[in-house]
Number of protein chains: 2
Amino acid sequence: MPDRDAALDAIQRELTAFARRARHKAAQMHPDLSLVTYSMLDLVKERGSCRASDLAAHFMLDKSTVSRQVTALEKLGLITREPDPEDQRGQLLRPSEDGLRLLADAAERRRLAFRERFTDWTDDDIARFAGYLTRYGAGD
Amino acid sequence: MPDRDAALDAIQRELTAFARRARHKAAQMHPDLSLVTYSMLDLVKERGSCRASDLAAHFMLDKSTVSRQVTALEKLGLITREPDPEDQRGQLLRPSEDGLRLLADAAERRRLAFRERFTDWTDDDIARFAGYLTRYGAGD
DNA sequence: GGTCTGCGGTTGTAAAGTGCAACTTGACGG
DNA sequence: CCGTCAAGTTGCACTTTACAACCGCAGACC
């Protein structure tokens, strides 16, 4: 089935092309935060609170890398660290007020950019595209 | 139109999630080449021959970065460089036999992984998904 | 023809992200 | 009490990347 293979090639190419551009654009949007650092902050918000090892597992990164990024986020005042009362080895990460503000601001700007980009797409096309992406992402 | 916004949010979330994991997965799939280096080789093959500045423009990378990656590709014997007969300043990049072989091999492995992942997708769904991604990518 | 401007590419330098390994500290089971 | 394991930190090396300075050639303009 050559058509199917050609389509699979296109999917692969476009997704990697997107990944390349994502880092570039994320760097422009938030000069102080990389895409990964931003995602970590986002996950901390999503979970309410979590440990550094949770971040390492979720992002498939080494714990040392996470340690440094968390330190950076704390230095920027975007998260707080407190020892885990249940296990003194670990620490609970929480987003700070500034961190929440930054996330909300970024989400809003991103939404505006997306509205712009999809102006000439129909509602049906957008819904189907979102459905396909979700279905793809569920395979991870 | 809340549905539309919800779908846009989903698209945004899934695409950034993919971008996060891209590096890790690419490293697994192509152990010898980085994601960017591999993409460069792929574009050179796609175009038949091209100049380094074309790569820089397409990948939104600095020309110095491209220069180093191209040097690496040449050292690995995956591409060849020859002065552009039309413009002595530039150079024409072409994939070597080894480069073509590596690309074909990688494409085959990738296709296998993708076939696995997309087993329960219909041909129509895959074609539409590829179409949406291409349409999205064309907006850059 | 000579000069100026601009483009294609290279190299030096610095910064950031990442993984591996060694270490510290605390938890848990014999 | 001790050995083992888990959570984080730090040192180190490597890679990727951008910016800036530079070289050589091309094309335009006088």
Side-chain angles (χ1 to χ4, degrees), chain A residues 16 19-41 44 47 49-76 79-94, chain B residues 16 19-28 30-41 43-44 47 49-76 79-94:
Chain A
T16 51
R20 260 191 323 254
R21 294 181 196 122
R23 283 176 194 281
H24 191 258
K25 296 196 167 170
Q28 288 185 333
M29 202 190 264
H30 288 297
D32 19 342
L33 254 49
S34 75
L35 181 61
V36 170
T37 313
Y38 172 83
S39 299
M40 286 184 183
L41 177 56
V44 171
R47 299 260 177 103
S49 77
C50 71
R51 299 196 316 272
S53 53
D54 296 337
L55 297 178
H58 188 262
F59 295 116
M60 298 192 294
L61 291 171
D62 193 79
K63 53 185 181 169
S64 63
T65 301
V66 174
S67 172
R68 291 175 229 273
Q69 300 297 338
V70 166
T71 303
L73 280 171
E74 192 196 22
K75 273 214 175 77
L76 288 170
I79 62 169
T80 62
R81 287 199 270 196
E82 53 188 277
D84 187 340
E86 316 244 320
D87 186 338
Q88 291 296 115
R89 293 173 303 177
Q91 52 195 213
L92 291 181
L93 310 175
R94 296 181 194 282
Chain B
T16 47
R20 262 193 264 112
R21 293 182 289 244
R23 189 184 299 264
H24 186 83
K25 294 195 164 175
Q28 287 183 334
H30 315 295
D32 351 328
L33 293 180
S34 78
L35 180 61
V36 170
T37 314
Y38 172 83
S39 300
M40 285 183 184
L41 178 56
L43 186 62
V44 170
R47 299 258 176 104
S49 77
C50 72
R51 298 195 316 268
S53 55
D54 296 337
L55 297 178
H58 187 262
F59 295 115
M60 297 194 298
L61 290 171
D62 193 78
K63 54 184 181 170
S64 64
T65 302
V66 174
S67 172
R68 290 177 228 270
Q69 300 295 341
V70 165
T71 303
L73 279 171
E74 192 195 22
K75 273 214 175 78
L76 289 170
I79 62 169
T80 62
R81 288 199 269 195
E82 54 186 278
D84 186 341
E86 314 245 319
D87 186 337
Q88 291 296 116
R89 293 173 302 177
Q91 51 195 213
L92 289 182
L93 310 176
R94 297 181 193 282

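Excluded from the calculations below are hydrogen atoms, water molecules and symmetry mates; all remaining heavy atoms, backbone and side chain alike, are included.
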With a 4.0 Å limit, can you tell me whether B/Arg81 has a side-chain N or O closer than that to the phosphate oxygens OP1/OP2 of C/dG8? no

Would you indicate, yes or no, if D/dG8 has its OP1 or OP2 atom less than 4.0 angstrom from a side-chain nitrogen or oxygen of A/Ser67? no

Heavy-atom nearest nucleotide on DNA chain C for A/Asp32 versus A/Asp87: which residue maps closer to 5'? A/Asp32

What donor-acceptor contacts under 3.5 angstrom involve side-chain atoms of residues 64-72 of chain A, with partners at least two apart or in another chain?
from, atom 1, to, atom 2, distance (Å)
A/Ser64, OG, A/Asp62, OD2, 2.6
A/Gln69, OE1, A/Thr37, OG1, 2.8
A/Thr71, OG1, A/Ser67, O, 2.8

Residue set satisfying side chain to side chain donor-acceptor pair (under 3.5 Å) with A/Asp87, at least two apart, ordered chain then number -> A/Arg89

Tell me: CD of A/Gln91 to C1' of C/dG26, nearest whole Å? 13 Å

For B/Arg47, check salt bridge (charged side-chain N to carboxylate O under 4.0 Å, His left out) against everything at least two apart and list the hits. none

Between C1' of C/dC7 and CD of B/Gln88, the distance in whole Å: 15 Å

Name the nucleic acid region contacted by A/Ser64, choosing base, sugar-phosphate or nothing; use a 4.0 angstrom heavy-atom cut-off, strictly under. base

Can you name the side chain to side chain donor-acceptor pair (under 3.5 Å) partners of A/Asp84, sequence neighbours left out? none

N/O to N/O distances under 3.5 Å, protein versus nucleotides 4-6 of chain C:
from, atom 1, to, atom 2, distance (Å)
C/dG6, N2, B/Arg89, NH1, 3.0

Can you measure B/Glu86 atom CD to C/dG8 atom P for me and round it to whole angstrom units? 14 Å

What pairs with A/Thr16 under side chain to side chain donor-acceptor pair (under 3.5 Å), at least two apart in sequence or on another chain? none

Could you work out, with salt bridge (charged side-chain N to carboxylate O under 4.0 Å, His left out) as the rule, every residue matching B/Glu86, not counting sequence neighbours? none

Give the rounded distance in Å between these two atoms: CG of A/Leu92 and C1' of D/dG8. 14 Å

Distance col, row A/Leu92:CG vs A/Arg81:CZ, nearest 0.5 angstrom, shows 12.0 Å

Applying side chain to side chain contact (heavy atoms under 4.5 Å, CB included) to A/Arg23 and not counting sequence neighbours gives A/Leu35, A/Val36, B/Arg23

Rounded to the nearest 0.5 Å, how far does CD of A/Glu82 lie from CZ of A/Arg94? 4.5 Å

Please encode protein proximity along nucleotides 12-17 of chain D as a string of B, S and -, counting only heavy-atom distances under 4.0 Å. B---SB

Protein-nucleotide distance (B/Lys63, atom NZ; C/dG12, atom P), rounded to Å: 16 Å

In this structure, how many angstroms lie between the P atom of D/dG8 and the CG atom of A/Asp84, rounded? 9 Å

Between B/Asp54 (CG) and C/dG8 (P), how many Å, whole number? 8 Å

Using whole Å, what does the distance between atom P of nucleotide D/dT9 and atom CZ of A/Arg51 come to? 13 Å

